[in-house]
There are 2 protein chains.
Amino acid sequence: MTPPADPPAAPPAEPPPESGAGPTPPAAEEPLTFWSFVDAAVTRTARQLPGTDTDATRLVLTLYRVTNMVVYDLESSVHRPRGWSWPGFRLLFVLWLAGPLEAGRAAELSGMSRQAVSALTNTLERQGLVSRAPSARDGRSVRLSLTDTGQRAIADAFAAHNERERLWAASLSAEEQATLVRLLGKLGSAAQHSEIRRR
Amino acid sequence: MTPPADPPAAPPAEPPPESGAGPTPPAAEEPLTFWSFVDAAVTRTARQLPGTDTDATRLVLTLYRVTNMVVYDLESSVHRPRGWSWPGFRLLFVLWLAGPLEAGRAAELSGMSRQAVSALTNTLERQGLVSRAPSARDGRSVRLSLTDTGQRAIADAFAAHNERERLWAASLSAEEQATLVRLLGKLGSAAQHSEIRRR
DNA sequence: CGCATATCGTCAAAGCCTTGACCAAATGAC
DNA sequence: GTCATTTGGTCAAGGCTTTGACGATATGCG
């Protein structure tokens, strides 16, 4: 779901609906595009719902959209050509760096649910990249580890993945990258507040 | 897939694998957690693959993980209780703000594929929130619009959604929010470079 | 030691995503 | 006007996500 990259070259939006029913018609004279939609969204939510925290809307909308673009690019150019998926790569990445793990720990480190790790491991096991073994520590657990094939495959994939990451990161200076990471980390720490729902 | 919020309180990782086969064993003495994994990942990829752009790795890893946390929280606390999904909300949001749209335009504005919008519209139509009509402009197109029920439902959901966005955003000052949005926007503009894959 | 409770991984059902394909309609060249 | 090409929406297959449930195993209290 990578959007067109060249705003505002998209064809014109349909004309706004007639006055009366429903929300206030969009006031934009220019056609909306993926890019201008964020600005328009902020303006229009303020009009539709007085009291809207428009800065928060802009923040979350931008965060989600940019992340989606990055992930789509990485998945479609690096991982799908290998017959992999983005979540598959993420699980292989965790096992590559942390070594063999119990499935629950792999779920925790990768930020996936236990059921998602279980289903994903089915796929990766079938591809010969990961193997399951009963855990000596706990009869309920399975220990996931990369096969030799998996080790080689993830090293190769990560090289290409990192090359692509570098292209994305290169649009920011080193200082900007550091600032972005710092602010994202600060945003992420909000999850420690009791109001935020977490697993 | 929201990870535990309280680093590093997670139970200890399994002991590192023995020397020899596979990658260099993880050197960390502390158990890895969702949080410390990012730092560990950066350190260990540099060791596994000399020449790794570790700043890019940190940037993309952090971006993805924080976004995932935010989306999981919004979806599980605001949208799933309504019987909705995150993508469903996003499509409703676009139709709410832009008014009735042809499906292809809705796909464009929301950053989804046409097939994803089609399948999602099936669900929302079944829930009585969206309706399809043939487009007068183009015999191949369908025009998507919110039903009256849909209008009311999205207004109510967005109020709760925005309240939750506000909680997230509140962890940053207004200036920090503006800086984050600006840097994300700059990162997103990288998609205009020809190397980045886009739809 | 017995038993209630918690934990781990998997299962099932339903929804969402991707790619490739198909059919109908639109477009543009000649 | 004809025809090749493009476009729009849907379909199908396969993979990934969620929630709730289940059976096996572990834990801790009395």
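The chains referred to below are lettered A, B, ... by the order of the sequence lines, with proteins before strands, and numbering in each begins at 1. The figures here come from the full heavy-atom set of this structure, side chains too, leaving out hydrogens, waters and symmetry mates.
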Under 4.0 Å from any atom of DNA chain C, heavy atoms only: list the residues of residues 118-126 of chain B that qualify, in numerical order.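 Heavy-atom contacts with DNA chain C come from Leu120(B), Thr123(B), Arg126(B).
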Listed by chain and number, what are the side-chain hydrogen bond (donor to acceptor under 3.5 Å, both in side chains) partners of [X], not counting sequence neighbours?
X: Glu75(B); answer: Arg80(B)
X: Thr45(A); answer: none
X: Ser141(B); answer: Glu102(B)

Tell me, please, which residues at least two apart from Arg152(B) pass salt bridge (charged side-chain N to carboxylate O under 4.0 Å, His left out).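 Arg152(B): no salt bridge (charged side-chain N to carboxylate O under 4.0 Å, His left out) contacts found.
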With sequence neighbours left out, write down each residue that passes salt bridge (charged side-chain N to carboxylate O under 4.0 Å, His left out) with Arg182(A), or none if nothing qualifies.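 Expected list: Glu176(B).
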Nearest-Å distance for atom pair [atom1]/[atom2], residues [X] and [N]:
X: Arg132(B); N: dT10(D); atom1: CZ; atom2: C1'; answer: 8 Å
X: Trp86(A); N: dT19(C); atom1: CH2; atom2: P; answer: 15 Å
X: Leu91(B); N: dC16(C); atom1: CG; atom2: C1'; answer: 12 Å
X: Arg137(A); N: dT27(D); atom1: CZ; atom2: C1'; answer: 13 Å
X: Phe89(A); N: dC16(D); atom1: CZ; atom2: C1'; answer: 17 Å
X: Tyr72(B); N: dT18(D); atom1: OH; atom2: P; answer: 7 Å
X: Arg143(A); N: dG9(C); atom1: CZ; atom2: P; answer: 13 Å
X: Glu108(B); N: dG9(D); atom1: CD; atom2: C1'; answer: 15 Å

Where the side chain of Ala116(B) is concerned, which of dC17(C), dT19(C), dG9(D) is the nearest nucleotide?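 So the nucleotide nearest the side chain must be dC17(C).
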Looking only at the side chain of Val142(B) (C-beta and beyond, no hydrogens), which of the listed nucleotides dT19(C), dG9(D), dT18(D) gets closest?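 From the listed options, dG9(D) comes nearest.
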Point-to-point distance, once rounded to the nearest 0.5 Å, from CG of Leu91(A) to CG of Leu101(A):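 Those atoms lie 9.0 Å apart.
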For nucleotides 22-25 of chain D, list the nitrogen or oxygen atoms of the protein found under 3.5 Å from its nitrogen or oxygen atoms, one pair per line.
unit_1	atom_1	unit_2	atom_2	d
dT25(D)	O2	Arg140(A)	NH1	3.3

Residues two or more places apart in sequence or in another chain: which of them pass ring pair (Phe, Tyr, Trp, His ring centres under 6.0 Å) with Phe89(B)?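 For Phe89(B) the ring pair (Phe, Tyr, Trp, His ring centres under 6.0 Å) partners, ignoring immediate neighbours, are His79(B), Phe93(B), His161(B).
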With a 4.0 Å cut-off on heavy atoms, is Glu75(B) in touch with a base, just the backbone sugar-phosphate, or nothing at all?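 Touches nothing.
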Of Pro87(B) and Val117(A), whose nearest nucleotide on DNA chain C comes first from the 5' end?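 Comparing both residues, the 5'-ward one is Val117(A).
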If you assign Gly104(B) and Trp84(A) each to the DNA chain D nucleotide with the nearest heavy atom, which residue ends up on the more 5' nucleotide?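 So the residue in question is Gly104(B).
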I want to check something: taking the side chain as every heavy atom from C-beta on, are Leu63(B) and Leu184(B) in contact at a cut-off of under 4.5 Å?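 SC-SC contact between Leu63(B) and Leu184(B) confirmed.
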Decide whether Glu125(A) and Ser131(A) meet the rule of one side-chain donor and one side-chain acceptor closer than 3.5 Å.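 Per modelled atom types, Glu125(A) and Ser131(A) side chains form no pair under 3.5 Å.
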Please confirm whether any donor atom in the side chain of Gln115(A) sits under 3.5 Å from an acceptor in the base of dG20(D), or the reverse.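 Indeed there is one.
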Give every residue pair that meets the salt bridge (Lys or Arg N to Asp or Glu O under 4.0 Å) criterion with at least one member in residues 49-61 of chain A, sequence neighbours excluded.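 Listed by first then second residue: Asp39(A)-Arg58(A).
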Between dG8(D) and Ser135(B), is there an OP1 or OP2 to side-chain N/O distance shorter than 4.0 Å?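 Result: no.
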It should be established whether Ser85(A) places a side-chain nitrogen or oxygen under 4.0 Å from OP1 or OP2 of nucleotide dG15(D).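 Answer is no, no contact under 4.0 Å.
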